[in-house]
Amino acid sequence: GTACVLSGQPFDTTKVKMQTFPTMYRGFIHCFTSTFRQEGLRGLYKGSIPALIANISENTVLFLSYGRCQDVVRFVCNVDKGADLSDLQKASSGSLASIFSAMAICPTELVKCRLQAMLEMEAAGKITGGQKSTVWTVVKEVMKTNGPLGFYQGLSSTIVREIPGYFCFFGAYELCRSTFAKYMGTDKDGIGILPLMFSGGFGGACLWLVVYPIDCVKTRIQVYSQTGKQKGFLKTFLGVIRTEG
């Protein structure tokens, strides 16, 4: 999780900025270099602490829930306890487990996204300039303005993102492992490290291909919610389609 955040945080920061302010930058390179020029390396790594907490909590809750959700799927599908599930059933289990992980990561994602887009929010005049951009200042502001429930702004969008996302992740991951196992004439556990890594990467790619538009809506809701109550997932989604296509 730490390696993932350290290697990917600058790209995640750029993603959040471009999702929230699509007309402010010409593209990825422009956003990345502008951030580095204005704020240095520190600017690209804004939100690293909540990102790390989100990564750890998401994986902990997701895989803790995954086994229980497999039992639920066995019960619903009338499969014997302990019996292997099909790839589709495992995908359904992962999708169900993601509801619990969404509740775990929503607060830290909100803090992370606000930190990452704070410079742009000030430049656009949506918040007062010159504010300290630390985890603690964002947490205090949320508590002061909305109370503990303020950290769950964007929860519905997070759940809507996670359910199809992890269905695709676990489905693609298991299907990829099954394909390798069939080709190599072994079981899934014997395919080796490289096919296993490829399966995980393929699963992650499928997840993001499906959920990226939903993630864009979630990011906007969580960042813009510091200026007041937002319209909600569906109205924000339709607003993006109407104004930006």
Side-chain angles (χ1 to χ4, degrees), residues 1-5 7-8 12 50-110 149 151-152 154-218 233-234 237:
T2 303
C4 181
V5 170
S7 61
D12 183 71
L52 184 58
I53 295 171
N55 192 287
I56 294 169
S57 61
E58 179 179 29
N59 287 317
T60 301
V61 175
L62 181 69
F63 288 102
L64 190 65
S65 307
Y66 183 54
R68 297 296 182 187
C69 291
Q70 283 184 318
D71 292 336
V72 172
V73 170
R74 285 190 182 95
F75 177 78
V76 172
C77 298
N78 200 24
V79 176
D80 291 338
K81 192 173 183 179
D84 282 339
L85 296 175
S86 68
D87 293 342
L88 182 62
Q89 289 168 334
K90 287 181 178 178
S92 300
S93 302
S95 183
L96 186 59
S98 71
I99 297 172
F100 302 101
S101 68
M103 291 188 281
I105 66 170
C106 186
T108 48
E109 286 240 322
L110 180 132
L149 290 179
F151 291 103
Y152 285 92
L155 177 62
S156 59
S157 303
T158 307
I159 292 173
V160 170
R161 181 191 70 175
E162 299 291 276
I163 290 175
Y166 277 101
F167 181 88
C168 293
F169 173 79
F170 282 101
Y173 173 69
E174 294 295 343
L175 182 62
C176 214
R177 288 177 68 211
S178 296
T179 303
F180 275 119
K182 185 177 180 180
Y183 179 79
M184 297 167 70
T186 183
D187 59 18
K188 286 184 179 181
D189 294 330
I191 61 174
I193 188 66
L194 288 178
L196 190 65
M197 288 172 64
F198 179 86
S199 299
F202 182 68
C206 290
L207 181 152
W208 278 106
L209 282 171
V210 170
V211 307
Y212 193 83
I214 306 171
D215 182 68
C216 179
V217 174
K218 178 203 77 74
F233 173 77
L234 188 58
F237 183 85

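This chain uses plain numbering: 1 for the first residue, then up along the sequence. Computed over heavy atoms, backbone and side chain alike; hydrogens, waters and symmetry mates excluded.
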Value rounded to 0.5 Å, distance of CZ in Phe198 from CD1 in Ile193: 14.5 Å
Euclidean distance, Glu109 CD relative to Ser157 OG, rounded to 0.5 Å: 11.0 Å
Leu175 side, atom CG; Phe180 side, atom CZ - distance, nearest 0.5 Å: 11.0 Å
Closest approach of Pro164 to Val160 (non-hydrogen atoms, all atoms of both residues): CD-O, 2.9 Å
Test item: Val210 and Leu207 side chains (from C-beta on) under 4.5 Å apart, heavy atoms: no
Derivation of the salt bridge (charged side-chain N to carboxylate O under 4.0 Å, His left out) call for Lys218 and Glu162: CA-CA 11 Å; Lys218 178 203 77 74; Glu162 299 291 276; over 6 Å; no
With sequence neighbours excluded, residues passing side-chain hydrogen bond (donor to acceptor under 3.5 Å, both in side chains) with Asp71: Arg74
Polar side-chain atom of Ser95 near backbone of Ile163 as donor-acceptor pair, under 3.5 Å: yes
Heavy-atom closest pair, residues Tyr152 and Cys106: CA-SG, 3.8 Å
Distance (rounded to the nearest 0.5 Å) between Thr158 OG1 and Ile99 CD1: 12.5 Å
Non-neighbouring partners of Tyr66 that pass ring-ring contact (aromatic ring centres under 6.0 Å, His included), sequence neighbours left out: Phe170
Audit row: Leu96, Phe167, side-chain contact (heavy atoms from CB on, under 4.5 Å) steps and yes/no: CA-CA 8 Å; Leu96 186 59; Phe167 181 88; over 6 Å; no
Any donor-acceptor pair under 3.5 Å from Asp187 side chain to Gly190 backbone: yes
Heavy atoms of other groups near Phe237 CZ, more than 12 under 6.0 Å: no
Side-chain donor/acceptor of Ser92 to backbone N/O of Leu88, under 3.5 Å: yes
Smallest separation among heavy atoms of Ala172 and Cys206, with atom names: CB-SG, 3.7 Å
Minimum-distance pair of heavy atoms, taken over all atoms of Ala102 and Ile159: CB-CG1, 3.8 Å
Distance, nearest 0.5 Å, that separates NZ of Lys188 from SG of Cys176: 10.5 Å
Audit row: Arg177, Asp87, side-chain contact (heavy atoms from CB on, under 4.5 Å) steps and yes/no: CA-CA 10 Å; Arg177 288 177 68 211; Asp87 293 342; over 6 Å; no
Residue pair Ser93 / Cys69: nearest heavy atoms and the distance that separates them: O-CB, 3.5 Å
Pairs touching residues 95-108 that satisfy salt bridge (charged side-chain N to carboxylate O under 4.0 Å, His left out), sequence neighbours left out: none
Residue pair Phe100 / Leu64, side-chain heavy-atom distance below 4.5 Å: no
Donor-acceptor pair, side chain of Ser98 and main chain of Ser101, under 3.5 angstrom: no
Nearest atoms (heavy-atom pairs only) where Ala54 meets Ile105: O-CG2, 3.5 Å
side-chain contact (heavy atoms from CB on, under 4.5 Å) between Phe233 and Ile214, worked out: CA-CA 9 Å; Phe233 173 77; Ile214 306 171; 3.7 Å; yes
Trace of the side-chain contact (heavy atoms from CB on, under 4.5 Å) decision for Leu196 with Tyr173: CA-CA 9 Å; Leu196 190 65; Tyr173 173 69; 3.3 Å; yes
Side-chain donor/acceptor of Asn55 to backbone N/O of Ala51, under 3.5 Å: no
